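Please read the structure below before turning to the comments.
Along the sequence shown, residues are numbered consecutively beginning with 1. For ligands, and for the atoms within them, numbers begin at 1 and follow the listed sequence. Quantities reported herein were computed from a predicted structural model and do not represent experimental measurements.
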Amino acid sequence: MTLKTLEWKNNSVIMIDQTKLPNTLEFVTYTDFNQIADAIRTLVVRGAPAIGVSGAFGLALAALQSDAKEKDELINYLENAKKVLFETRPTAVNLAWGLQKIMQVAKMADTVDEIRKSVVETAKKMADEDVQINMSLGKNGSELFNDNDTVLTHCNAGALATVGYGTALGVIRATKESGKNIKVIVTETRPVQQGSRLTAFELKHDGFAVSLIPDTAVGYIMANKLVNKIVVGADRILRTGRVYNKIGTYQIATMAKQHNIPFYVAAPLSTFDLKSNPEDIIIEQRDSSEVTGIGDKKTAPDGIDVINPAFDMTPPELISGIITENGVAKPPYEDSIKKLFEAN
Ligand code: MRU
């Protein structure tokens with residue numbers, strides 16, 4: 001059984017508290033959309049698809065919380081909740097996608113009871129579909145991987161970053177499920193350590209052959225031919241194929257090019273942002289404490305200036321293919337991405 005990252009149960013949202021991993025597998029239960037906003041902000045839940053569905057669940061909770069008697073009143077309440085949820089994290093486009101989808105459904109309903117019913121049903125459906133989509137993209141991606149491949153991944157794009165199964169790790173799971181032997185190398189992913197705390201935990205939990213490396217060993221691993229393919233997730237992909245993902249992705253892709261190692265990105269269509277231009281994208285800057293310490297241990301001098309971007313941009317020329325539920329986009333991306341959406 002893979003981990004169930006988040007679910008809707010008895011009019012509440014249950015999620016794994018990812019800040020406690022790998023030491024404790026603890027579940028938290030929320031009934032207030034403000035709690036969901038806090039959970040997204042503090043990384044109790046993280047990963048683009050997971051925060052997309054969390055946003056949708058947050059609005060579903062808001063619809064139940066509000067005592068509005070008229071449609072307009074309830075829509076206003078939801079608009080306010082949407083704003084609170086939207087402002088939690090700026091880079092992953094899935095959050096805006098999840099919130100917009102729920103607002104559309106809410107506006108189409110006629111009465112407050114219908115709104116409540118339809119937003120809860122839609123949010124639950126989005127959660128179920130997330131797993132199905134990941135399984136489809138996993139299957140599409142598995143065809144790019146061979147028996148006895150050793151694959152490097154960065155951050156966590158696994159079951160823990162989605163409702164279940166994962167995107168980059170979904171590809172790895174589907175490859176194994178197709179009968180191929182596959183080994184995984186996981187980067188630690190400083191400063192928040194999604195690689196060591198989450199991906200290493202998840203893959204070990206699910207019985208994969210996995211090795212953990214410090215981020216600084218990526219060049220060594222590639223130069224010594226200890227890896228032959230790379231697959232990562234994404235937080236936002238533009239129509240030109242520019243990929244925004246966890247900080248450190250760009251340097252891994254650059255190093256992969258240097259060593260002729262295929263570099264793949266796996267993401268659902270909900271991670272694509274076909275409208276924005278590079279200058280519109282906000283790279284989240286996180287608190288300096290993530291860099292000046294590890295856990296409670298201080299690892300830098302007091303008062304040091306810190307630069308802590310949570311994401312970076314990998315340009316299309318470094319990417320060998322973008323794996324989605326509708327197929328694999330190959331360069332030139334402007335054309336192939338368009339075709340993926342036309343197939344929808
Ligand atoms: O800061 P995080 O942990 O939310 O960042 C997560 C990532 O960068 C993932 O690689 C990305 O969201 C894809 S998850 C399927």
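The shortest separation from a heavy atom of Asn156 to ligand 1 is under 4.0 Å, placing the residue in contact. Ligand 1 lies less than 4.0 angstrom from a heavy atom belonging to Pro49. The closest approach between a heavy atom of His154 and any atom of ligand 1 is not below 4.0 Å.
Remark: the backbone N or O of Arg190 is paired with a side-chain donor or acceptor of Asp215 at under 3.5 angstrom. Without hydrogens or angle criteria, Asp287 side chain to Ser289 main chain gives a donor-acceptor distance under 3.5 Å. Not a single donor-acceptor pair under 3.5 Å links the side chain of Ser142 to the backbone N or O of Val171.
Backbone and side-chain nitrogen or oxygen atoms of Asn245 are examined, and one is located within less than 3.5 angstrom of a nitrogen or oxygen of ligand 1. On a distance-only criterion, Gly233 and ligand 1 share no N/O pair closer than 3.5 Å.
Taking a cutoff of 4.0 Å between a charged side-chain nitrogen and a carboxylate oxygen, Glu177 and Arg173 do not qualify as a salt bridge. Remark: Lys338 does not engage Asp335 in a salt bridge, criterion side-chain N to carboxylate O under 4.0 Å. Taking 4.0 Å as the cut-off between side-chain N and carboxylate O, Glu79 and Lys107 count as a salt-bridged pair.
Remark: minimum distance from atom 5 (O) of ligand 1 to any protein heavy atom is reached at Lys246 CE, 3.2 Å. In terms of protein heavy-atom proximity, atom 4 (O) of ligand 1 is nearest to Arg89 NH1, 2.8 Å. Looking only at protein heavy atoms, the nearest one to atom 11 (C) of ligand 1 is Asp235 OD1, 3.2 Å. Here the heavy atom of the protein found nearest to atom 15 (C) of ligand 1 is Thr167 OG1, 3.0 Å.
Contact atoms of ligand 1 toward Ala157: 14 (S), 15 (C) (distance under 4.0 Å to a heavy atom of the residue). Residue Ala48 has at least one heavy-atom neighbour below 4.0 Å for each of these atoms of ligand 1: 12 (O), 14 (S).
Taking the ring centroids of Phe272 and Phe341, they lie under the 6.0 Å cut-off.
For the side chain to side chain contact (heavy atoms under 4.5 Å, CB included) test with Leu61, the passing option among Asp32, Asn34, Val13, Val120 is Val13; the others fail.
Residue nearest to atom 13 (C) of ligand 1, selected from Ala161, Ala267, Ala234, Gly47: Ala234 (by heavy-atom distance).
With Phe145 as the aromatic partner, Lys180 does not meet the cation-pi criteria of under 6.0 angstrom to the ring centre and within 45 degrees of the ring axis.
If you look at Val192 next to ligand 1, there are no close heavy atoms at all, none under 4.0 Å. The part of Gln194 lying near ligand 1 is the side chain, judged by heavy-atom distances below 4.0 Å. The part of Cys155 lying near ligand 1 is the side chain, judged by heavy-atom distances below 4.0 Å.
Shown here is Tyr250, whose OH atom has no more than 12 heavy atoms of other residues, nucleotides or ligands within 6.0 Å.
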